[in-house]
Amino acid sequence: MTREASSRAAVIIFGAAVRPDGGPSPALRDRVLAALRHGEGLSPQPLYLPTGARGRFGPEESAVMAAILSEAGVPATRIVQETSGTDTLSSVLACVRLLRGIGHAGPVLAASSPYHLPRCVALLRLAGLPARPVRTCGMPASRRWTKRWYWRLREVPALPYDVALMLWYRLTGRA
């Protein structure tokens, strides 16, 4: 990896659902478009890490996001898919291994939905990466208020749970 390539920003795009037809859910599309809006204004242009394994439907979340990035004109050389992450914590751990493996030394940005972003950034920082958030346009997780609150309230136990696990992984040398 060249010096410029290792010092460029890495934008980690956290996965979301893929629709039954294999297309992106609105949340997944919003995360990718936010990453693109922010990333394409950087110099040098960033490396994109879409993360997410195969969920209930269609191909891997990372593959759907990579296709959106490619359609927007991002060259394949700047897209590195992380296909093993099945949840936020496993995605963070896999991305940390991937970035360390390629000798990445630049800034790390996290792109996700507003309700999910604090957990993503906290876990990346606890894993040793100086991550910063990339904000989405703030599109709600659902049009129904009950679903919106479900996603927000889900983070209440998820954040301390994942933080505790990440700290355990750090203490035992697994992160």
Side-chain angles (χ1 to χ4, degrees), residues 1-18 24 27-40 42-55 58-113 116-134 136 158-159 161-175:
M1 179 178 276
T2 67
R3 181 174 170 84
E4 180 182 305
S6 70
S7 66
R8 74 175 47 172
V11 181
I12 300 172
I13 311 168
F14 286 86
V18 173
L28 188 132
R29 180 174 295 284
D30 190 43
R31 292 174 185 192
V32 175
L33 295 178
L36 273 167
R37 275 191 306 273
H38 187 83
E40 292 305 294
L42 300 175
S43 181
Q45 292 186 320
L47 178 68
Y48 292 99
L49 278 85
T51 182
R54 186 177 190 279
E60 290 94 355
E61 295 167 2
S62 61
V64 174
M65 290 189 282
I68 296 170
L69 292 166
S70 293
E71 290 168 11
V74 177
T77 55
R78 291 197 299 119
I79 303 170
V80 178
Q81 290 184 55
E82 188 294 298
T83 61
S84 68
T86 56
D87 59 24
T88 305
L89 182 60
S90 66
S91 292
V92 166
L93 292 170
C95 287
V96 168
R97 281 191 299 273
L98 194 152
L99 288 172
R100 287 181 180 151
I102 63 173
H104 181 266
V108 176
L109 304 167
S112 190
S113 300
H116 187 233
L117 203 49
R119 181 162 47 126
C120 298
V121 172
L123 292 174
L124 287 165
R125 288 178 180 173
L126 285 172
L129 298 179
R132 293 177 311 179
V134 170
T136 60
L159 179 62
Y161 180 81
D162 278 356
V163 164
L165 279 175
M166 179 61 80
L167 291 171
W168 176 252
Y169 290 155
R170 292 287 307 261
L171 286 171
T172 59
R174 291 193 264 174

Return the set of residues passing side-chain contact (heavy atoms from CB on, under 4.5 Å) with Arg100 (not counting sequence neighbours), or none when no residue passes.
Val96
Rounded to the nearest 0.5 Å, how far does CD1 of Ile13 lie from SG of Cys120?
12.0 Å
Return yes if some donor-acceptor pair links the side-chain N/O of Arg31 with the main-chain N/O of Gly15 below 3.5 Å, else return no.
yes
Could you grab the distance from atom CG of Leu167 to atom CG of Leu171, nearest 0.5 Å is fine?
6.5 Å
Within residues 166-175 or reaching into it, pairs that qualify as side chain to side chain donor-acceptor pair (under 3.5 Å) - sequence neighbours excluded
Thr172-Arg174
Donor-acceptor pairs under 3.5 angstrom involving side-chain atoms of residues 123-130: please list them, not counting sequence neighbours.
| from | atom 1 | to | atom 2 | distance (Å) |
| --- | --- | --- | --- | --- |
| Arg125 | NE | Ala131 | O | 2.8 |
| Arg125 | NH2 | Ala131 | O | 2.9 |

4.5 Å side-chain heavy-atom contact, Pro24 and Val32
no
What pairs with Ala10 under side-chain contact (heavy atoms from CB on, under 4.5 Å), at least two apart in sequence or on another chain?
Leu49, Leu99, His104
Taking every non-hydrogen atom, the tightest pair across Ala110 and Phe14
CB-CE1, 4.0 Å
Could you give the distance from CD1 (Ile79) to CG (Leu69), rounded to the nearest 0.5 Å?
4.5 Å
Leu28 and Ile68: side-chain contact (heavy atoms from CB on, under 4.5 Å), yes or no, with the steps?
CA-CA 10 Å; Leu28 188 132; Ile68 296 170; 4.1 Å; yes
Report, one line per pair, each donor and acceptor closer than 3.5 Å where one atom sits in a side chain of residues 58-66; sequence neighbours left out.
| from | atom 1 | to | atom 2 | distance (Å) |
| --- | --- | --- | --- | --- |
| Ser62 | OG | Gly52 | O | 3.2 |
| Ser62 | OG | Gln81 | OE1 | 3.2 |

In chain order, what residues pass the side-chain contact (heavy atoms from CB on, under 4.5 Å) check against Thr86, with sequence neighbours excluded?
Ala53, Ser90
Not counting sequence neighbours, which residues clear side chain to side chain donor-acceptor pair (under 3.5 Å) with Ser91? List them please.
Thr51
Ignoring hydrogens, what is the shortest heavy-atom contact between Ala34 and Val134? Give both atom names and the distance.
O-CG1, 3.6 Å
When Pro46 is tested against each of Leu36, Leu109, Val11 for side-chain contact (heavy atoms from CB on, under 4.5 Å), which residue passes?
Val11
If you compare all heavy atoms of Ser7 against all heavy atoms of Pro107, which two are closest, and at what distance to 0.1 Å?
O-CD, 3.6 Å
Listed by chain and number, what are the side-chain contact (heavy atoms from CB on, under 4.5 Å) partners of Pro118, not counting sequence neighbours?
none
Measure the CD1-CZ distance between Ile102 and Arg97 for me, rounded to the nearest 0.5 Å.
14.0 Å
How would you list all residue pairs meeting salt bridge (Lys or Arg N to Asp or Glu O under 4.0 Å) that involve residues 71-85, not counting sequence neighbours?
Glu40-Arg78
Can you list everything that forms a side chain to side chain donor-acceptor pair (under 3.5 Å) with Thr83? Sequence neighbours excluded, please.
none
